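Just below is one structure, and these are the notes that go with it.
Heavy-atom basis, side chains included; hydrogens, waters and symmetry copies ignored. Just so we're clear, the structure is a prediction, and the values are computed from it rather than from any experiment. Atoms within a ligand are numbered from 1 in the order they appear, just like the ligands themselves.
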Amino acid sequence: MTTKPSVLRNLPADLDAQRLPNHVAVIMDGNGRWAKGRGMPRFMGHRRGVDTLKELLRCCKDWGIQALTAYAFSTENWGRPLTEVDFLMTLFERILRRELQEMVSEGVQIHFVGDLSALPASLREEIERAVMATRQNQRIQFIVATNYGGRDEILQACRAIATQVKQGHLQPEQITQTLFEQHLYTAGIGDPDLLIRTSGEMRISNFLLWQMAYTELYVTDTLWPEFDRSEFHRALYDYQQRHRRFGRI
Ligand code: FPP
């Protein structure tokens with residue numbers, strides 16, 4: 001549970017504070033293209049992408065949004081050139097080390113979702129340190145999807161549940177949506193209300209497949225490094241024009 005600040009800092013006047021999404025998820029696409037367009041190596045785009053993410057987290061906190069999930073590394077991203085994979089792993093580790101104190105003091109509670117066992121040991125240590133140090137924070141939940149794949153997540157939940165059935169601890173009739181959700185990486189975290197994808201791609205890309213059943217989708221052509229507060233404002237404004245029916249009329 002997170003606590004809403006009593007005063008929302010700088011919430012644009014045309015946004016309704018009562019109808020903001022509780023949970024925003026982002027697919028941060030276009031870092032490589034942004035760098036290439038400026039004659040720079042791809043890694044410069046990822047570096048710049050971190051600044052964008054940091055600013056978005058701050059903005060969510062200021063505007064009273066309770067959770068932000070970022071797709072940092074998918075199970076498919078291991079297929080990128082080794083130098084890029086290495087760069088990203090080192091970058092994640094450095095960010096965690098560099099930003100931890102600020103996250104602690106700003107009330108950010110960090111979570112990681114994905115198969116962390118495949119990550120370098122030094123990164124896993126930083127992750128554990130960050131999760132432990134921020135676990136009491138209540139201002140905003142920041143969920144980082146790392147070595148995350150929606151299909152993998154569903155399969156590992158199935159395996160865990162099947163094992164309980166096999167051992168006689170659970171009857172098949174007891175497998176409900178609530179029980180299933182308790183076996184996902186995101187157990188205890190609400191579903192996203194709004195997914196933002198940058199760089200114009202109209203795909204889900206194996207992200208939060210179960211959790212996004214009723215998530216509103218927003219795609220912008222803007223590349224991730226250029227997704228700033230005014231772009232986020234536009235996405236929230238668009239979201240507030242929608243009528244969420246959850247399958248009803
Ligand atoms: C997609 O752009 C971006 C990524 C795969 C990495 C994004 C990661 C960060 C911004 C760092 C977040 C880190 C933490 C620890 C919170 P792309 O490379 O697919 O761009 P392209 O589509 O233009 O090639």
Side-chain angles (χ1 to χ4, degrees), residues 24-61 67-104 106 108-114 116 118-120 122-131 133-134 137 140-150 185 189 195-208 219-228 231-232:
V24 173
V26 283
I27 301 182
M28 311 177 284
D29 206 6
N31 290 347
R33 273 165 284 170
W34 178 87
K36 196 167 167 227
R38 282 162 181 73
M40 300 190 294
R42 291 176 56 82
F43 75 85
M44 296 286 278
H46 295 316
R47 264 196 202 148
R48 182 64 178 261
V50 172
D51 298 338
T52 303
L53 183 58
K54 192 174 169 187
E55 180 55 20
L56 180 64
L57 180 62
R58 186 173 289 135
C59 188
C60 286
K61 192 167 70 71
L68 173 68
T69 296
Y71 204 2
F73 195 88
S74 75
T75 46
E76 288 69 37
N77 285 155
W78 296 110
R80 293 188 174 210
L82 191 61
T83 46
E84 182 162 340
V85 171
D86 281 350
F87 176 82
L88 284 169
M89 295 297 147
T90 309
L91 179 71
F92 298 161
E93 206 175 311
R94 266 209 338 257
I95 302 165
L96 286 176
R97 212 173 299 128
R98 191 185 71 196
E99 303 295 334
L100 183 57
Q101 269 328 303
E102 197 173 329
M103 287 195 286
V104 170
E106 294 284 316
V108 176
Q109 186 185 79
I110 197 167
H111 299 262
F112 282 80
V113 292
L116 306 184
L119 302 177
S122 51
L123 174 56
R124 288 203 314 266
E125 279 166 28
E126 291 301 335
I127 288 175
E128 209 175 303
R129 203 191 320 274
V131 170
T134 62
N137 281 354
I140 185 167
Q141 287 185 311
F142 177 41
I143 302 112
V144 186
T146 313
N147 192 24
Y148 175 88
Y185 296 133
I189 298 167
L195 169 75
I196 298 171
R197 181 167 189 155
T198 54
S199 93
E201 310 287 355
M202 301 279 190
R203 286 190 291 275
I204 299 287
S205 297
N206 204 12
F207 192 34
L208 302 174
V219 174
T220 170
D221 285 337
T222 303
L223 303 178
W224 177 252
E226 289 176 339
F227 188 83
D228 59 12
E231 292 278 347
F232 187 44

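- The nearest heavy-atom contact from the protein to atom 9 (C) of ligand 1 is M28 CE, 3.8 Å.
- Heavy atoms of G30 approach ligand 1 to within less than 4.0 angstrom.
- Residue contact check for ligand 1: E201 places no non-hydrogen atom closer than 4.0 Å to it.
- In this structure, atom 19 (O) of ligand 1 lies nearest to the protein heavy atom R80 NH2, 2.8 Å.
- When only interatomic distances are considered, the shortest N/O to N/O separation between D29 and ligand 1 falls below 3.5 Å.
- A salt bridge links R38 with E226: the closest approach of a Lys/Arg side-chain nitrogen to an acidic carboxylate oxygen falls below 4.0 angstrom.
- Using a distance-only test at 3.5 Å, with no hydrogens or angles considered, no donor-acceptor pair links the side chain of Y148 to the main chain of A72.
- In terms of protein heavy-atom proximity, atom 24 (O) of ligand 1 is nearest to R42 NH1, 3.0 Å.
- Taking all atoms of both residues into account, the shortest heavy-atom contact from V26 to F207 is O-CE2, 3.9 Å.
- Using a cut-off of 4.0 Å between Lys/Arg side-chain N and Asp/Glu carboxylate O, E102 and K61 are scored as not salt-bridged.
- Of the protein's non-hydrogen atoms, the one nearest atom 14 (C) of ligand 1 is I95 CD1, 3.9 Å.
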Exercise. Would you check, one step at a time, whether the test side chain to side chain contact (heavy atoms under 4.5 Å, CB included) holds for T134 with F142?
Key: CA-CA 10 Å; T134 62; F142 177 41; over 6 Å; no
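- For the pair K36 and ligand 1, no heavy-atom separation below 4.0 Å is found.
- For S74, the side chain to side chain contact (heavy atoms under 4.5 Å, CB included) partners at least two apart in sequence or on another chain are Y71, E76, N77.
- Within 6.0 Å of CD in E55 there are more than 12 heavy atoms belonging to other residues, nucleotides or ligands.
- For A72, the closest heavy-atom approach to ligand 1 falls below 4.0 Å.
- For atom 12 (C) of ligand 1, the closest heavy atom belonging to the protein is L53 CD2, 3.8 Å.
- Each of the following atoms of ligand 1 lies closer than 4.0 Å to a heavy atom of V50: 10 (C), 11 (C).
- An N or O contact shorter than 3.5 Å links N31 to ligand 1 by distance.
- Salt bridge status for E93 with R97: present, with a side-chain N to carboxylate O gap under 4.0 Å.
- L68 CG to L56 CG: the interatomic distance, rounded to the nearest 0.5 Å, is 5.0 Å.
- Nearest protein heavy-atom contact of atom 23 (O) of ligand 1 is R33 N, 2.7 Å.
- Atoms of ligand 1 found under 4.0 Å from any heavy atom of G49 (numbered from 1 in listed order, with element): 10 (C).
- Considering only non-hydrogen protein atoms, atom 4 (C) of ligand 1 sits nearest to H46 CE1, 3.8 Å.
- Counting only heavy atoms of the protein, atom 15 (C) of ligand 1 lies nearest to F92 CD2, 3.7 Å.
- To the nearest 0.5 Å, atoms OG1 (T52) and CH2 (W224) are separated by 6.0 Å.
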